[in-house]
Chemist: 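Have a look at this one before I ask anything.
In each ligand, atom 1 is the first atom listed, and ligand 1 is the first ligand listed.
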Amino acid sequence: MKTIDIVVPCYNEEEVLNNFYEVTKSWCDKIEGYDFSFILVDDGSRDRTVCIMRELAAAHPEVRYISFSRNFGKEAAMYAGLSNSTGDYVIVMDADLQHPPSMFPDFIAGIEEGHDCVAAKRTSRKGEAKIRSFLSRRFYKVSNRMSDVKLEYGAVDYRIMTRRMVDSILRLSEVQRFSKGIFTWVGYDTKWIPYENVERELGTSKWNLRSLLRYAIDGITSFSTAPLRFVSAMGFFICFAAFLYLIFIVIKTLLGYNDVAGFPTIICLILFLGGIIEFSIGILGEYIARIYMESKHRPIYIARESNIPGMEGVSLPKNSTKETEPEDKTERPE
Ligand code: UDP
Ligand code: MG
């Protein structure tokens with residue numbers, strides 16, 4: 001019998017996790033010939049998420065879980081799930097039931113047709129803030145123009161992959177991960193299955209405009225160096241324009257048309273060039289920051305608890321299902 005691991009990143013999902021398990025499990029039970037298991041990854045939740053995971057793991061042998069020492073982000077949670085998966089196929093999905101498990105049969109059919117990946121693609125963004133949809137569309141346009149790694153518009157992190165594709169993904173060990181790009185970068189053929197957006201029933205989205213902007217910058221800088229080339233090109237054209245202007249002034253002076261007017265021109269040019277220089281340094285800074293972070297070779301995540309035997313430095317669950325000790329609630333400066 002083939003095995004399928006379901007990797008689920010969870011951050012403050014106490015309201016939905018039990019329901020998620022029930023609904024998803026009932027779909028797994030309907031599918032014959034496959035052995036499903038869950039890898040729930042608690043991304044440093046501050047609510048009872050990890051307690052629920054312990055309870056689920058105690059009650060159901062097919063549930064494995066990993067709990068992070070703090071919030072490392074969804075990308076790190078997916079990585080942890082994938083790197084601890086052992087199944088022939090791996091499904092990645094959200095905990096909030098926005099990724100309908102009713103697509104499992106189509107996923108499995110697709111993979112049995114010989115695709116290495118079958119992924120869900122939203123056809124609508126119903127229920128989402130207009131500004132978010134608009135910015136998201138812009139992001140895909142800009143990113144696809146700049147990078148050779150073409151992202152599929154509407155793609156979500158809900159997909160099934162074969163073992164060999166998962167192993168390829170794990171070979172990309174960068175700390176600052178942008179999974180949408182990584183999934184595309186590793187290649188293999190992907191079958192896209194469209195679905196209608198489902199609104200989150202309980203809990204709240206963990207993203208805000210600021211974190212989405214950060215995500216977009218990560219996306220572009222991870223897979224494209226076009227902004228750096230753009231900066232060089234811009235510098236070149238400004239120099240060229242300045243040179244033409246210089247010739248113009250020399251000729252004007254030689255012809256005796258030298259007046260002291262032009263104060264506004266100078267101010268405008270200084271401001272314009274100053275702005276461009278700041279902007280360029282900012283772009284360079286983004287890349288240097290990434291080199292700096294990668295050069296530290298920090299682990300992608302740190303787990304503090306798991307029921308997966310053999311995870312290094314990780315404690316096995318206590319038998320109690322009581323709430324974990326209250327965490328230090330002070331916000332860490334970023
Ligand atoms: N998530 C996570 N770590 C984070 C933020 C989110 O593991 O720092 C998980 C979250 O629990 C959910 C999934 O990632 O299972 C998608 O998050 P969310 O529903 O907030 O995103 P949206 O659906 O609004 O894009
Ligand atoms: Mg969601």
Chemist: Looking only at protein heavy atoms, which one is nearest to atom 7 (O) of ligand 1, and what is the separation?
Modeler: Pro9 CB, 3.4 Å
Chemist: Starting from atom 18 (P) of ligand 1, find the nearest protein heavy-atom neighbour and note its residue, name and distance.
Modeler: Arg200 NH2, 3.5 Å
Chemist: List ligand 1 atoms under 4.0 Å from Cys10, heavy atoms only on the residue side.
Modeler: 7 (O), 11 (O)
Chemist: Under 3.5 Å, side chain of Asp189 to main-chain N/O of His115, donor-acceptor pair present?
Modeler: no
Chemist: Answer yes if the side chains of Glu286 and Thr221 hold a donor-acceptor pair under 3.5 Å, and no otherwise.
Modeler: no
Chemist: Quick one: which of Asp43, Asp96, Asp157 gives a salt bridge (Lys or Arg N to Asp or Glu O under 4.0 Å) with Lys74?
Modeler: Asp157
Chemist: Using the benzene-type ring in the case of Trp, are the ring centres of Tyr158 and Phe107 under 6.0 Å apart?
Modeler: yes
Chemist: Measure centre to centre between the rings of Tyr215 and Phe178, then say whether the value is under 6.0 Å.
Modeler: yes
Chemist: Taking only heavy atoms of Gly73 into account, list the atoms of ligand 1 that are under 4.0 Å away from them.
Modeler: 3 (N), 8 (O)
Chemist: Would you say CH2 of Trp192 has more than 12 non-hydrogen atoms from neighbouring residues, nucleotides or ligands within 6.0 angstrom?
Modeler: yes
Chemist: Do Arg163 and Ser85 have a side chain donor and acceptor closer than 3.5 Å?
Modeler: yes
Chemist: With backbone taken as N, CA, C and O and side chain as the heavy atoms from C-beta onward, which portion of Asn12 lies under 4.0 Å from ligand 1: side chain, backbone, both, or neither?
Modeler: neither
Chemist: With atom 13 (C) of ligand 1 as the reference point, say which of Asp94, Asp157, Leu97 has the nearest heavy atom.
Modeler: Asp94
Chemist: In terms of hydrophobic clusters joined by side-chain contacts under 4.5 Å, are Phe279 and Met146 together?
Modeler: no
Chemist: Using 4.0 Å as the upper bound for N to carboxylate O, is an ion pair formed by Asp29 and Lys25?
Modeler: yes
Chemist: Considering heavy atoms of the protein only, find what lies nearest to atom 1 (N) of ligand 1 and give residue, atom and distance to 0.1 Å.
Modeler: Tyr11 CB, 3.7 Å
Chemist: Below 4.0 angstrom from a heavy atom of Ala95, which ligand 1 atoms are there? Numbered from 1 as shown, please.
Modeler: 15 (O)
Chemist: Below 4.0 angstrom from a heavy atom of Asp43, which ligand 1 atoms are there? Numbered from 1 as shown, please.
Modeler: 2 (C), 3 (N), 4 (C), 7 (O), 8 (O)
Chemist: For atom 19 (O) of ligand 1, which protein heavy atom lies nearest, and how many Å away is it?
Modeler: Asp96 OD2, 2.6 Å
Chemist: Could you tell me the residue and atom name of the protein heavy atom closest to atom 25 (O) of ligand 1, and the distance to it rounded to 0.1 Å?
Modeler: Arg132 NH2, 3.3 Å
Chemist: Looking at Asp96, which of its N, O or S atoms is the nearest one to the Mg ion (ligand 2)?
Modeler: OD2
Chemist: Please list the nearest protein heavy atom to atom 10 (C) of ligand 1 with its residue and the distance rounded to 0.1 Å.
Modeler: Glu13 OE2, 3.2 Å
Chemist: Please list the nearest protein heavy atom to atom 14 (O) of ligand 1 with its residue and the distance rounded to 0.1 Å.
Modeler: Lys74 CD, 3.2 Å
Chemist: Compute whether any side-chain donor of one residue and acceptor of the other, for Ser222 and Arg177, lie under 3.5 angstrom apart.
Modeler: no
Chemist: What protein heavy atom lies closest to atom 20 (O) of ligand 1? Include the residue and the distance to one decimal.
Modeler: Lys206 N, 2.5 Å
Chemist: At less than 4.0 angstrom from any non-hydrogen atom of Gln98, what atoms of ligand 1 do you find?
Modeler: 19 (O), 23 (O)
